[in-house]
Every structure is written in structure tokens, then in C-alpha cells.
Amino acid sequence: MTTATRDRSAPAGDTASPLRATVRSPRGRCAALFLTATASTGLGLALPLALGRALDLLLAHPGNSGALRWVLWCAALVLLLAVLDAVETVLSATTTARATASLRHRLTGHLLAVGLRAGERFGSGELVARLVGNAAQAGTAPASLAALLAGIAGPVGAVVALGLLDWWLAAVFLAGAPLLALLLRSFTQDSARCVADYQEAQGRIARGLAEAIGGARTIAACATADREAARILRPLPELTRAGHRMWHVQGRAAARAVALAPLLQLGVVAVAGVLLVHGRLTVGEMLAASRYAVLAAGVGVLVGQLSGLVRARASARRLGEVLAEPATPYGNRRLPPGRGRLELRHVTARRGGRTLLDGVDLVVPEGGTLAMVGRSGAGKSLLAALAARLADPDEGTVLLDGVPLPELDHDELRRAIGCAFERPALLGDTVADTIGFGVRPAPPDRIRAGAAAARADAFVRRLPDGYATPCRAAPLSGGERQRLGLARVLARDSRLLVLDDALSSLDTVTEHQIVDALLHHSPGGTRVVVAHRVSTAARADTVAWLDGGRVRAVGTHARLWREKGYREVFADAGG
């Protein structure tokens with residue numbers, strides 16, 4: 001891989017922590033939310049002082065206009081607090097929604113850029129759980145952080161206000177402040193562990209459910225639904241224990257706060273009473289001191305806000321594990337003139353600690369058709385993925401017309417290589433969109449030509465709206481889906497066509513017709529076909545016989561047919 005390669009997965013900031021990126025992404029809304037929460041906290045701190053002043057004036061001069069003015073100020077503060085609370089609620093909801101959408105967009109783009117490795121490491125169910133549940137929880141980080149900062153400002157401001165009334169009041173409260181700090185620290189650490197365990201168990205359940213949905217027909221045929229349900233829900237006791245621990249940690253913190261906060265409040269009120277007796281405080285100032293004592297000891301509020309931030313942080317950490325997977329890098333080179341010569345040099349590929357391809361050397365001449373033959377597990381599909389650069393080898397190089405695939409520009413590579421699979425994904429709104437799907441959508445005449453070559457035109461025309469039929473409304477068999485996938489490949493001129501078991505659901509006659517179309521389609525292109533039937537291998541120019549991750553022999557089907565082991569490959573495959 002050269003220094004010219006570049007990561008096309010995401011913008012440069014994509015390596016940032018998901019939590020930091022989430023807080024920074026909707027900057028205007030986060031700032032507005034923080035300012036609103038801070039303003040609300042400030043007004044909440046001003047209200048006790050205003051109430052105390054109004055009370056003193058009313059006690060001293062009941063009919064004084066100044067007392068009435070302070071009462072009106074108090075009413076205005078209460079009204080402003082209600083308005084700010086409503087604004088904060090709306091900003092919190094919209095900020096969370098935007099942050100969640102941003103996270104999901106970023107994660108989806110990165111997953112598509114990483115490709116097969118993400119599914120192999122995490123599993124589809126786990127990825128869905130992280131994309132849906134964890135992203136939604138991490139998206140609450142901006143609102144939770146703004147609420148926490150404003151929540152911290154409340155007690156700090158209350159302590160300052162107590163000090164302004166009389167330094168003894170602040171001193172009494174600060175004497176117990178270390179206990180409050182230890183309480184919050186212990187809660188944060190314990191809660192983080194519980195949340196991580198809970199989310200991990202959720203992910204395992206989601207992974208098992210996705211696997212079961214993928215094998216629903218097998219489960220129904222084997223009548224093992226109860227057994228599978230038990231397997232999927234096996235982590236449920238662990239999930240329950242983690243959930244109970246979360247509630248226990250939060251309840252324990254709240255109980256300690258309930259026990260500690262009233263003692264601090266009582267101490268402040270008692271000292272305020274003594275100061276009142278000695279004339280150092282007025283009645284209104286004592287009222288304000290009692291209210292500030294409540295605000296300063298508001299640990300219960302902080303516990304709830306910390307809990308939300310801890311959950312957001314744990315979710316962001318799980319998203320970060322996915323984002324840490326390196327995206328597939330691309331270069332900026334273009335292909336020279338050529339017709340699709342494919343070359344594999346000393347290619348080795350490992351999966352799950354196993355070496356599936358070991359030092360493979362293979363050359364497919366330009367314009368030729370290579371059939372890859374081998375028993376199940378021989379490495380045919382992995383070799384096809386490497387040839388199409390849907391995966392990269394751990395060692396060695398794959399070249400197309402003399403250019404290593406990682407050095408090619410992304411769009412150049414995808415225009416040059418077409419792929420068809422055993423279970424093609426029907427992407428696009430309509431059948432025509434599905435066939436034309438690609439870096440550059442195929443024009444209508446090429447879409448119909450590709451469908452005709454794949455023997456799909458006849459059944460497509462019988463659909464309710466023909467080529468305009470929505471894919472979700474098209475009742476398609478396995479063979480028809482495969483033909484649409486083949487039509488997508490045949491609808492464009494590619495230097496290299498890679499067919500990974502893309503003919504497995506076709507009847508013999510249709511397969512014969514499509515192989516004819518492949519051999520005569522784009523005669524300048526090269527074709528690599530994973531073959532399971534004798535008829536497919538017999539019509540290829542060359543056959544590569546894979547055995548145990550190595551190329552055992554390369555030659556014509558007629559020559560290899562003399563080998564007993566080669567004939568046994570098709571006997572095992574039923575071909």
C-alpha cells in the first residue's frame with residue numbers, strides 16, 4: 001500500500017471520541033441549551049434573595065410600595081423560570097434528536113466504509129443494537145452535560161450566596177461537602193460498571209435474535225423454536241442482574257443523599273437561627289439561607305443528571321469500538337488501458353485466527369473466464385471477495401491491469417469491477433433502480449439489456465408496474481432475485497466480473513443461457529466465477545482448483561477432469 005492511499009470513510013474529524021463529537025456537533029443548540037440552563041439556574045438563585053427582601057419590607061412596612069415592587073419582581077422571576085423551563089425542554093429534545101441523527105449518520109457511513117470486517121467482528125444484531133439503542137442513548141449527552149453543568153452551578157452558587165449572607169453559613173455547609181463529593185464519585189464509578197454490563201448483555205441478545213431471524217426457516221423446519229428462544233435469552237439473567245445493580249447503585253446514592261442533605265440543611269438553618277437571634281440576619285435573609293441550603297444540598301438532582309451522562313458515556317464508548325475499526329483505504333490512481341488482467345501474488349488471508357488462503361499465486365488473462373472450483377471451505381468465496389476488493393489480504397497483493405487494487409481511486413475501482421452474489425441485496429426504490437444501482441446509475445437502455453441478458457426481462461414485465469414496480473412489492477423467488485443481481489452486473493461494462501455463487505438458485509437451462517450471455521457479454525472483460533456445477537466449469541476458459549486454501553491446479557476442465565480428486569469435488573457438491 002502506498003502513501004498515496006487515503007481514507008474515504010468519513011471527514012477528518014471522524015477519529016474523534018463519539019462523546020466529544022456529539023457534544024460539539026450541534027454547537028449552536030448546545031450553547032443555547034447551556035445558556036438557557038445557566039440562566040434558569042441564575043434566576044433560581046436570585047429568587048430566594050428576592051423573596052427574603054420582599055418579606056423584610058412587608059414585615060417592616062406592610063403598605064410600602066417598595067415591598068409591592070419586590071413582590072412583583074418575585075412573580076416576574078417565577079414566570080421567567082417557567083418560560084426558561086419550557087425553552088430548555090424543547091432545546092433538550094431537539095438537541096438530542098439532532099445529536100442522535102448525527103451519530104447514526106456517522107456510524108452508518110463508517111460501517112459501509114469498513115465493509116465485511118465490521119459484520120465479522122460484531123455481528124449484524126450487535127451492530128443494529130449499537131446503531132439504534134446506543135446511538136440514541138449517546139445522543140442525550142449534550143442535554144445531559146448542559147443539565148449537569150447547570151446543576152453543579154446551582155449548589156456552587158448557593159454556597160456562594162450563603163457566604164455573602166454570612167460566612168458562618170457557608171462554613172457549616174462546606175464542612176460536609178467532602179462527603180457529598182465522595183458520594184457522587186462512588187456513584188459515578190459504580191454506575192459506569194453496571195451500565196457497561198447491561199449494554200453488553202443487550203448486545204448479545206440482539207446478536208442472537210438477528211442470527212435466529214436469518215435462520216428462521218431452518219428453525220421452523222427443525223421445530224427448535226423453544227430451544228432457540230432459550231439460546232437468544234440466555235443473557236437475560238445477566239441483563240436482569242445488571243439492571244438490578246443499576247437501580248441498587250442509584251437507590252443507594254439517593255438514600256445516602258437523603259440522609260446527608262437534611263443534616264447539612266438543618267445545620268445551616270440552626271446557625272442562621274442563632275445569627276437571627278444576634279441580629280446578624282433578618283427574617284428574610286434567614287428565609288433565603290434556608291432555601292440556599294436546600295439548593296446547595298441538591299445531590300439528588302445531581303445523581304439523576306450524572307446517571308444520564310454515565311449511560312451516554314458508556315453508549316458512546318460502544319460506538320467508539322465500532323468507529324475504531326479502520327475503514328478501507330483507497331488511492332488516487334487510474335487504470336491504464338487494458339481488458340481486466342487479474343493477478344494474485346502470494347496472497348494469504350486469515351479469518352478468526354485461521355489461515356483460509358495460504359500463499360495463493362494466480363493469473364487470470366485479460367478477457368478470459370476463470371472458474372474457481374473446490375470443496376466447501378476451500379476459500380473460493382474469500383478469493384472472490386479479494387479479487388473484487390470487498391476484502392483485503394493479510395499478505396500479498398491483488399492487481400488489476402498491473403495496478404494494486406488498494407492504490408485505485410474508489411470510483412475507478414467500482415466502475416471497473418462488477419459483482420454478483422448468491423443472495424443479492426435489492427437496493428433501490430424500484431426494480432429498475434435495483435438493476436441500475438451503482439457508482440453511476442445505468443441508463444434505461446442498459447438496464448433493459450442487462451435484464452434481457454440475465455433472463456429477467458420476461459418476469460419483470462409481468463410485475464404489476466414492470467420495471468417501475470417497488471422492490472418491496474415484488475414477490476420474487478430466489479432464482480429471480482439472483483437474476484436481478486446478475487442483470488445489475490450485465491447492465492454495465494466492467495473490466496472484471498466476479499460472480500460468487502451467483503448461479504446457485506437457477507435451473508440448468510437458465511444457467512446455461514446466462515453463462516452464454518456472460519461469455520459473450522463485454523468480450524473485452526475478464527470473468528471470475530465460483531462454480532459448483534460441471535457445466536459451468538466446463539465452459540470456462542480456465543479452472544482454478546482450490547484445496548485447503550491453496551491452488552492445487554490450474555488448467556482446462558477437460559484436463560483436470562482426469563484427476564479423481566477434481567471429479568470428487570463435483571460429486572460432493574451434487575454437480
[X] (side chain) donor-acceptor with [Y] (main chain) under 3.5 angstrom:
{"X": "R104", "Y": "L131", "value": "yes"}
{"X": "S102", "Y": "R98", "value": "no"}
{"X": "S494", "Y": "L497", "value": "no"}
{"X": "T140", "Y": "Q137", "value": "yes"}
{"X": "R527", "Y": "G367", "value": "yes"}
{"X": "K380", "Y": "R375", "value": "yes"}

Inter-residue atom distance [X].[atom1] - [Y].[atom2], 0.5 Å rounding:
{"X": "E343", "Y": "D401", "atom1": "CD", "atom2": "CG", "result": "10.5 Å"}
{"X": "R204", "Y": "L239", "atom1": "CZ", "atom2": "CG", "result": "9.0 Å"}
{"X": "T348", "Y": "D358", "atom1": "OG1", "atom2": "CG", "result": "5.0 Å"}
{"X": "R313", "Y": "L145", "atom1": "CZ", "atom2": "CG", "result": "12.0 Å"}
{"X": "L405", "Y": "T328", "atom1": "CG", "atom2": "OG1", "result": "12.0 Å"}
{"X": "E412", "Y": "N332", "atom1": "CD", "atom2": "CG", "result": "11.0 Å"}

query = Which residue, D457, V460, I435, forms the side chain to side chain contact (heavy atoms under 4.5 Å, CB included) with I447?
reply = I435

Do [X] and [Y] have side chains that approach each other closer than 4.5 Å (heavy atoms only, starting at C-beta)?
{"X": "L546", "Y": "L357", "answer": "yes"}
{"X": "R389", "Y": "P406", "answer": "yes"}
{"X": "V534", "Y": "H557", "answer": "yes"}
{"X": "R351", "Y": "D394", "answer": "yes"}
{"X": "T434", "Y": "R488", "answer": "yes"}
{"X": "V554", "Y": "T542", "answer": "yes"}
{"X": "F122", "Y": "L111", "answer": "no"}

Less than 4.0 angstrom from a charged side-chain N to a carboxylate O is my criterion; do [X] and [Y] meet it?
{"X": "E126", "Y": "R130", "answer": "yes"}
{"X": "R318", "Y": "E200", "answer": "yes"}
{"X": "R495", "Y": "E366", "answer": "no"}

request  = Show your working on side-chain contact (heavy atoms from CB on, under 4.5 Å) between L370 and L362 and close with a plain yes or no.
outcome  = CA-CA 10 Å; L370 173 77; L362 185 63; 3.8 Å; yes

ask   = Which pair of heavy atoms, one from W545 and one from G565, lies closest together, and at what distance?
value = CZ2-C, 3.4 Å

Please list every donor-acceptor pair under 3.5 Å in which a side-chain atom of residues 381-388 meets a protein atom from a residue at least two apart or in another chain.
residue	atom	partner	partner atom	Å
S381	OG	D500	OD1	3.0
S381	OG	D500	OD2	3.3

message = Cation-pi check for Y566 against R552: NZ or CZ below 6.0 Å from the six-membered ring centre and within 45 degrees of the axis, yes or no?
response = no

task = Return the set of residues passing side chain to side chain donor-acceptor pair (under 3.5 Å) with Q202 (not counting sequence neighbours), or none when no residue passes.
result = none

task = Decide salt bridge (charged side-chain N to carboxylate O under 4.0 Å, His left out) for D493 and R446; before the verdict, give the C-alpha distance in whole Å, the side-chain angles of both, and the deciding distance to 0.1 Å.
result = CA-CA 10 Å; D493 292 320; R446 296 296 303 167; 3.6 Å; yes

inquiry  = Please evaluate residues D361 and V551 with respect to the criterion side-chain contact (heavy atoms from CB on, under 4.5 Å), reporting the C-alpha separation (whole Å), side-chain torsions for both, the decisive distance (0.1 Å), and the verdict.
reply    = CA-CA 8 Å; D361 290 294; V551 177; over 6 Å; no

Partners passing side chain to side chain contact (heavy atoms under 4.5 Å, CB included) against L209 (at least two apart in sequence or in another chain) = I213, I232

